[in-house]
Q: 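Structure incoming, see below.
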Amino acid sequence: MRRRELPKAYDPAAIEDRWAEYWVRERLFDVKTPKAGADERAFTVLLPPPNVTGNLHMGHMFEHTEADILVRWHRMRGELTLWVPGTDHAGIATQMLVERQLTSEGTSRQALGREAFVERVWQWRAHYGGAILASMKRIGDTVDWSREYFTMDENLSHAVREAFVRLYEQGLIYRGAYIVNWCPRCQTAISDLEVTHEEQQGKLWEIRYPVVGAPGDFLTVATTRPETMLGDVAVAVNPLDERFRRLIGKTLRLPLVGREIPVIADEWVKSDFGTGAVKVTPAHDANDFAMGQRHNLPAIAVMDETAHMNAEAGVYAGLDRYEARKRILEDLEAQGLLAAARDYVNAIGKCARCATVVEPRLSTQWFIAVNKQATPGGPTIASLAIDAVKPDAEGRRAIRITPENNEKVYLEWMTNLYDWCISRQLWWGHRIPAWHCATCKQISVAREDPARCAHCGSAQITQETDVLDTWFSSGLLPVTVFGWPPADGKPTADLTAFYPTSLQLTGFDILFFWVARMIMLGCWFMQELPLADGSRRTLRDIVPFREVHIHALVRDADRQKMSKTKGNVIDPVAIVQKYGTDAVRFTLASMASPGTDIAFNEARTEGYRAFANKIWNAARFIFMNVERAREAGISVDRSMLGHMPSVPPYAPIEARWIAARASSVASQVNAALGEYRFHEAANLVYQFFWGDFCDWYLEIVKLRLDFSDTADKAYTREALTTLLQTFETALRLLSPIMPFITEELWHALYESHGGAPSAQSIALSRYPQGVAQTNDAVEGDFALLQELIVAVRGLRKDLGVEEKLAVPIRVHAPTSGLPFAGNLEIIQRLARVSGIEAVDALPEGAATRATPQFDVQVVYEKKIDTAAERERLTKELTRYEQEQERAQRQLGNEAFLAKAPAAVVEGLRKRAAELVVLIEKTRRALEELG
RNA sequence: GGGCGGUUAGCUCAGCUGGUUAGAGCGCCUGCCUUACAAGCAGGAGGUCGCAGGUUCGAGCCCUGCACUGCCCA
């Protein structure tokens, strides 16, 4: 046997790296694909792939902590558990960073050219891409590293291309000129989701448009964007608006430009907004574009892709959009056409990536038709994605979204979905597999790079320069990581074993970006693929996951969203270095109440570092005693370890009590984890370990660990056995939340018993399963014992008894069967009592603590602080009396007696009876004080 | 403008389907370096549960309105 000395204070840095490295090196969490037909229940989770550009931030760490707790828990429950890691190429985000780097080197993407630039991004990714994966290893994520992927890996790229071609062939991908959100800095289209709206103090300008043929007559329009007026093709008013009826059909002269434009009527125009007349600029506003289509109007673009005015803008050409605005307003003013400039708060859209103000822009893009049927009467991509989540007639769902209110949000979004713009004018990403023919102008979309146009056979073809939206490839991940598309039309072994995955954890912010797209694409492609036995898939088999759990967002201590610009980003690595991974994980778990955001505050982490230290020291105490036992020739058989404490009925009260507690806590923790109530699970274990095990059980068990020559060795061994079993159980119970310290101590525990543990890691051991029904009798007895000890401690304090001094006590207990007589030594030790006298009546005049079951006095010559004692008693009396009043009012209420459940009435009766006793005792104590 | 959350002790948060005395950690006060732990131990103070109505035998919890606050969508 090896003697093992643990340092006095827990130092996470001394153990965490070692175990993190061990878990990865030993490949403990790699999962082999089960053979077809194997009836193994799998718990599968797909990690939301972090961007290759990223460093681990607190939000990641929180998400990973929740995922890892669940994954470890399921694994320890004996399920085949697979957590798949990977990274996302994150098109726009990564390209932006590399461009920034190029700028700092005095060059640019354009100077490099497409090929060299993409090569450069690959280099960049090789250099920085591993950062987050390294952090994941460091915080103990038990993913299957053998399955790690990158969204631009060859096989995934192949799958992306296949998906695109299929959708194109099904007529669900089309190309067209539409208004899209355009970022003038990134110079690409971005999806609606990539635009964030911000309220901003702006102006609403009113501009007079002269009526042609009616000198002095004007129609005044209101706009927040005067620079776009150069592209106006009409002015619209509401057809019901009496004020403008006379002008409908008339022609206006567009100021500064001189073009004649019609006045049109459109119901979309709100009469109460601005002047009731709006200018129509189809090339620069989404609503105007729609109006333009309705009224068959041309679209005149007046800006280029960098948001500078183009040739159409005449004298303003070349100006930046804001400079143009300034000049246009000045010119209008000079011509007397600027009627008003009012303060106005409007929401402006900014690029989510670079915060540049987005410019709605007319351009040709690729779209997925989400509401189009591929076959007559068949589903649409959106309808399938709705059916997947919507409860059926029996209230069953193919995908369950929790917390539940998110289901409504999802369905609302999916129901009002527009076609998804999937093209991006970037260089980094999956290039769209379409070729434009210079000869016939048609498009060829193909699985293999074509040499000739599919329509006219011309060799004059060039590939589309756009790439796909990053979310197109990540939306396919649940199928692609398991080998889709299969070469033989049959599901791969991985798809059969792991699809649908069990759970998708995610933040609310990417519910639409990613989760919705996975549902859309996953359902769409899997509906075509039969099951392994050749049968057709049902809705339940085509969804990408059975359940979605939306976790909270991590904010800073002031509830602010963390962002680099605000500089309030908490670096988890720094916190981890300061307090240890376990403490940070525990903090996050303990605050992870579903549905509410987390304000991360370090003070909590400090508290949980103390918890780790507490565990550490409990372990030191235990190992010290194992050593003492060994020297005394007492040993616990190693086979006793690895399961719940099993305690015979004749065992001392603390052994029976802690065993009952361990079982009930284990049962509650399992229940809590099953409902994503991480905070509850964490608090339960915390309370059990610190409050029950350390504060009470360990203090009492010291009495039993007698290693002297005269000791009853069998008795000592039994106590030691229970101690070790309980501790080992507690370690397993805690291990999903605090994997490092528990791993360390678990191994140390087995080593102290001369060998290796039953598994290579505590993470591969079994999770404690308790029973909810507990040993009421022993818990009740123990509670009384605790009550007595706490009462005596309180009295000692009131009387000013020195801490070290043991004093005698008197106990009066009218009912028999109180668990005091048999547990004298416990009371003596924990309450520092020298002797206990059971009396029929307590002498008057001495300070007394009264409970419904017993009264107790401390025998001590020093007088109590009468004033303080009177205050305490008076307060207590008031509380009792108020409670009694409430209780009696209730019990005197016929309706209450008739309608309330019997248990509630019975409980209240019992309490009322207790209150009578307590009030009587407290009154007498007050009288005795004088 | 539409929708969704939050408001409980000085601070950060629990409180699951309404039911006996609303909990925890931190902080605060008092006393202890008690041989596992001062990152500790023991005792204690501290709350009209945002406001106003309502439903109910009974409301922190359900309903209505209001205030403040955060988020999402337009």
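Per chain, numbering begins at 1; letters A, B, ... match sequence-line order.
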Q: Going by the rule ring pair (Phe, Tyr, Trp, His ring centres under 6.0 Å), which residues pair with Tyr410(A) if we only count those two or more places apart in sequence or in a different chain?
A: none
Q: I'd like to know whether the aromatic ring centres of Phe611(A) and Tyr686(A) sit less than 6.0 Å apart in this structure.
A: yes
Q: When Watson-Crick pairs (N1 to N3 and N6-O4 or O6-N4) and G-U wobble pairs (N1-O2 and O6-N3) count only below 3.5 Å on both distances, what is the dot-bracket string of RNA chain B, with | for other-strand pairs?
A: (((((((..((((.....[...)))).(((((.......))))).....(((((..]....)))))))))))).
Q: Under the salt bridge (charged side-chain N to carboxylate O under 4.0 Å, His left out) rule, collect the residues that match up with Glu699(A), sequence neighbours excluded.
A: Lys702(A)
Q: Who pairs with Glu680(A) by salt bridge (charged side-chain N to carboxylate O under 4.0 Å, His left out), at least two apart in sequence or on another chain?
A: Arg677(A)
Q: List in chain and number order the residues that pass salt bridge (charged side-chain N to carboxylate O under 4.0 Å, His left out) with Arg704(A), two or more places apart in sequence or in another chain; answer none if no residue qualifies.
A: Glu654(A), Glu825(A)
Q: Report the residues that fulfil side chain to side chain donor-acceptor pair (under 3.5 Å) with Asn238(A), sequence neighbours left out, ordered by chain and then residue number.
A: none
Q: Could I get the full list of salt bridge (charged side-chain N to carboxylate O under 4.0 Å, His left out) partners for Glu876(A), not counting sequence neighbours?
A: Arg872(A)
Q: Which residues pass the ring pair (Phe, Tyr, Trp, His ring centres under 6.0 Å) test with Trp746(A), sequence neighbours left out?
A: Tyr750(A)
Q: Quick one: does Arg911(A) reach the base of U21(B) with a side-chain donor-acceptor pair under 3.5 Å?
A: yes
Q: Between Tyr676(A) and Glu66(A), do the side chains contain a donor N or O and an acceptor N or O under 3.5 Å apart?
A: no
Q: Could you tell me whether Gln884(A) contacts a base, only the sugar-phosphate backbone, or nothing, with contacts defined as non-hydrogen atoms closer than 4.0 Å?
A: nothing
Q: List for me each residue that meets ring pair (Phe, Tyr, Trp, His ring centres under 6.0 Å) alongside Phe740(A), sequence neighbours excluded, and say none if there are none.
A: Trp23(A)
Q: Among residues 783-791 of chain A, which residues get a heavy atom nearer than 4.0 Å to RNA chain B?
A: Val790(A)
Q: Set out, line by line, the N/O atom pairs under 3.5 Å between protein and nucleotides 57-60 of chain B.
A:
| unit_1 | atom_1 | unit_2 | atom_2 | d |
| --- | --- | --- | --- | --- |
| C57(B) | OP1 | Lys899(A) | NZ | 2.0 |
| C57(B) | O2' | Asn893(A) | ND2 | 2.8 |

Q: Give me the distances for all protein-to-nucleotides 38-41 of chain B N/O pairs that come in under 3.5 Å?
A:
| unit_1 | atom_1 | unit_2 | atom_2 | d |
| --- | --- | --- | --- | --- |
| A38(B) | OP1 | Lys8(A) | NZ | 3.4 |
| A39(B) | O2' | Asn613(A) | ND2 | 3.0 |
| A39(B) | N1 | Tyr10(A) | O | 3.4 |
| G40(B) | O3' | Lys614(A) | NZ | 3.0 |
| C41(B) | OP1 | Lys614(A) | NZ | 2.7 |
| C41(B) | OP1 | Trp690(A) | NE1 | 2.6 |

